[in-house]
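All of these numbers come straight from a predicted model, not from anything done at the bench.
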Amino acid sequence: MKKQKSIILKMDEPLPISNPFDLLTEEIILAILDSLNDDAFAKKSFSLVCKSFYFIESRHRKTLRPLSTDLVLRTLKRYRFVSELDLSLCPRVDDAALTQIASSRSSLRSINLSRSRLFTHNGLSSLVANCAGLVEIDLSNRAELTDTAAAAIAEAKNLERLSLARCKMITDMGIGCVAVGCKKLRFINLKWCLRVSDLGVGLIAMKCKQIRAMDLSYVPITEKCLPPILELEHLEDLVLEGCPGIDDAGLATLKHSSKSLKTLNMSNCQNVSHVGLSSLTYGAEYLQHLFLAYSLSVTSDLAKCLHNISGLQSIKLDGCSVTTSGMKAIGNWLASLKELGLSKCLGVTDECLSFLVQTHKELRKLDITCCRKITYASIDSITNSCTSLTALRMESCSLVSKDAFVLIGQRCRFLEELDVTDNEIDNEGLKSISRCSKLLTLKLGICSNITNDGLTHVANGCSKLKELDLYRSSGITDEGITAIAHGCPALEMINIAYNDKITDTSLISLSKCMLLKAIEIRGCHSVSSVGLSAIVMECRQLMVLDIKKCTNINDNGMIPVAQFSKNLKQINLSYCSVTDVGLLALASIKRLQCMTILHLSGLTPNGLAAALLACRGLTKVKLHTSFKPLLPQSLFEYMEARGCVLHWRDKAFR
């Protein structure tokens, strides 16, 4: 009887669950996948947990960026719900591939073909005919596409975004076809379309009434196409950068501006002065962002023509000649600027800059790079008036004394970005700046007065730091880098190039920063394969690696790079001790796109040829000209057909 009771008890127990993940609902799994969107390897690992995860992950993915042309059809077969296809890493997409894509993915809404070189108008016709829901196509950099391709695109009746940047063979006729066929266009990019004129641009403006943004940079247009553009009811963003055909005389004929315009870019328009700008912006009451870099002089007349635009939030005057009267007039604007760019502006002084910031106290971003006349007085005024600054760029402000940098930390606690490259900042300045607990980016290149003590303060106070530049900051040693590694675990990018006191100890410490994506250690002669191995074994998200002139790094460092750095996209091996063996090992990194391999003494023509053939994802390689006559012409033709550009350099060995 007792025995029978024990059997009953066992039968009442819950059955063991073979897969505990089956208890998770699909909603929970989708939420987990949403949080992994920025890490492709994490999503892949997730999909391999069990069959249900594998199936759900394939349904969850809506965007796809294959690493090579060979993978396109295979990945599309697995990911049947993809609506956005980025083929920018697939240079060998031809008409047949486009036809297969179109027939298998009729729900496609967006496609990027900006690096694909082999398809013609026939492939585009098939794509458009089968994918009626297409709303975005990027054909940038296809210089050989003609009007027949534009005519094929014109059949995409639902198209909203189209980029034809650098499609230099397309003329007004092709653009006219697009204008007639694509009435729903909201964005069009015609940058560097050198055969498009006022006629084609005007047709777009007259036929496509939903246009929100137009990029006409370096297009040979004049003011004749502007009236229909400015009449667009929904136009918000207009780029006219580098258009020499637009001048004051032509702009003076305009009757009004666009009332809906929010962003206007007139950079590099050498024939436009404040007179033409006044005509173009008259009545633009909603204008918020204005780009005038490397164009007109900043005078009181210029400032007066923009005085009444009360909604203006940012203005970029980089490279312009500045007058004191012009700067003071900007200080009297009705608008309260949030962003101001004065990089490389001649004429910026303490007097005019101090006056300006005292009235524009709401500034969030300020760029005074290479304003070589300003001193402590300017920084005193900036930090006293603009206490809500989030970004301050002041590279090469050589007259600013070291005491000024203490003010930055004392008064601007909300800083997220600070660039003080090539300045007199010292440890006391860094101690003060360490109070900026929100700091994400700190650039201290060529700052010879800072040492490990200053970096230790930064490490203790700026735990959110993601980017640190210490290029040629010669007072830094392993001690300072170790402090940063322990205090800034979120670090994603670090540049310690040409600091000869840095050794493997620094790299071993930095290996604890597991989010590291880019590291530059060129010219650090004491670094070896041991330190490099430590970095790549722990920092699996590494995408950019520069070890130029690290002569103690050899093939023993390349093997772990190949094994662990599966996200690596760019590497510079110049002057290292890497041979054929190490270079060939990198072929296993499928994401590798760019390599610079100058003056590798252990590299042979046969080894180089084998590596180029094996690294199938390469798009750009920099090589020394001495190899050119030693490699077969067929190799060059093959690499070109695969979409890889070889850049030959005739640099002497240093």
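The side-chain heavy atoms of K316 and L292, taken from C-beta on, include no pair separated by under 4.5 Å. Side-chain contact between Q541 and K517: present, with at least one pair of heavy atoms (C-beta onward) separated by less than 4.5 Å. Two residues are said to be in side-chain contact when any heavy atoms from C-beta on lie closer than 4.5 Å; N271 and D248 fail this criterion. With contacts defined as side-chain heavy-atom distances shorter than 4.5 Å, the pair F291/L317 does not qualify. Between L418 and T441 the shortest side-chain heavy-atom distance does not fall below 4.5 Å. The shortest side-chain heavy-atom distance between D469 and I494 does not fall under the 4.5 Å cut-off. Side-chain contact between S437 and R413: absent, with no pair of heavy atoms (C-beta onward) separated by less than 4.5 Å. Inter-residue side-chain proximity for L199 and I175 is flagged as unmet; no heavy-atom pair is nearer than 4.5 Å.
Around the OH atom of Y286, the shell of radius 6.0 Å holds no more than 12 heavy atoms that belong to other residues, nucleotides or ligands. The neighbour count for M543 CE, taken as heavy atoms of other residues, nucleotides or ligands under 6.0 Å away, does not exceed 12. Counting non-hydrogen atoms of neighbouring residues, nucleotides and ligands closer than 6.0 angstrom, the CZ atom of R212 exceeds 12 such neighbours. Heavy atoms from other residues, nucleotides or ligands lying under 6.0 Å from NZ of K548 number more than 12. Taking a 6.0 Å sphere around CZ of R115, one finds it holds 12 or fewer heavy atoms contributed by other residues, nucleotides or ligands. In this structure, K338 places its NZ atom where more than 12 heavy-atom neighbours from other residues, nucleotides or ligands lie under 6.0 Å away. Heavy-atom contacts from other residues, nucleotides or ligands closer than 6.0 Å to OH of Y282 number 12 or fewer.
Across I330 and H360, no two heavy atoms sit closer than the pair O-NE2, 2.8 Å. Nearest approach of P220 to C193, heavy atoms of both residues: CD-O, 3.8 Å. S279 and A252 get closest at one heavy-atom pair: OG-CA, 3.8 Å.
With 3.5 Å as the limit, one finds a donor-acceptor pair spanning the side chains of E424 and N449. Of the N and O atoms on the side chains of S297 and T299, not one donor lies less than 3.5 Å from an acceptor on the other residue. N427 and T451 share a side-chain donor-acceptor pair at under 3.5 Å. Using modelled atom types, one finds a donor on one side chain and an acceptor on the other under 3.5 Å when comparing S314 with H289. A donor-acceptor contact closer than 3.5 angstrom links the side chains of S110 and E136. With 3.5 Å as the limit, one finds no donor-acceptor pair spanning the side chains of N112 and S88. Defined by atom type and a distance below 3.5 Å, a donor-acceptor pair is missing between the side-chain atoms of S114 and S140.
Between D546 and R522 there is a salt bridge, with a side-chain nitrogen of the basic residue lying less than 4.0 Å from a carboxylate oxygen of the acidic one. Under 4.0 Å is where a charged nitrogen must lie from a carboxylate oxygen, and between K328 and E351 at least one such pair does. Taking a cutoff of 4.0 Å between a charged side-chain nitrogen and a carboxylate oxygen, R65 and D86 qualify as a salt bridge. Salt bridge annotation for D380-R411: present, with a cationic side-chain nitrogen under 4.0 angstrom from a carboxylate oxygen.
The aromatic rings of Y218 and W192 sit parallel, their planes meeting at an angle under 30°, below the 60° perpendicular limit.
In terms of the side chain to side chain donor-acceptor pair (under 3.5 Å) criterion, residue partners of D478 (sequence neighbours excluded) are, by chain and number, T503, S506.
Interatomic distance, CE of M327 versus CG of L353, reported as 5.0 Å (0.5 Å rounding). In this structure, I433 CD1 and L415 CG are separated by 8.0 Å, a value rounded to the nearest 0.5 Å.
Among the candidates K443, R393, K438, the single residue satisfying the side chain to side chain donor-acceptor pair (under 3.5 Å) test with E417 is R393.
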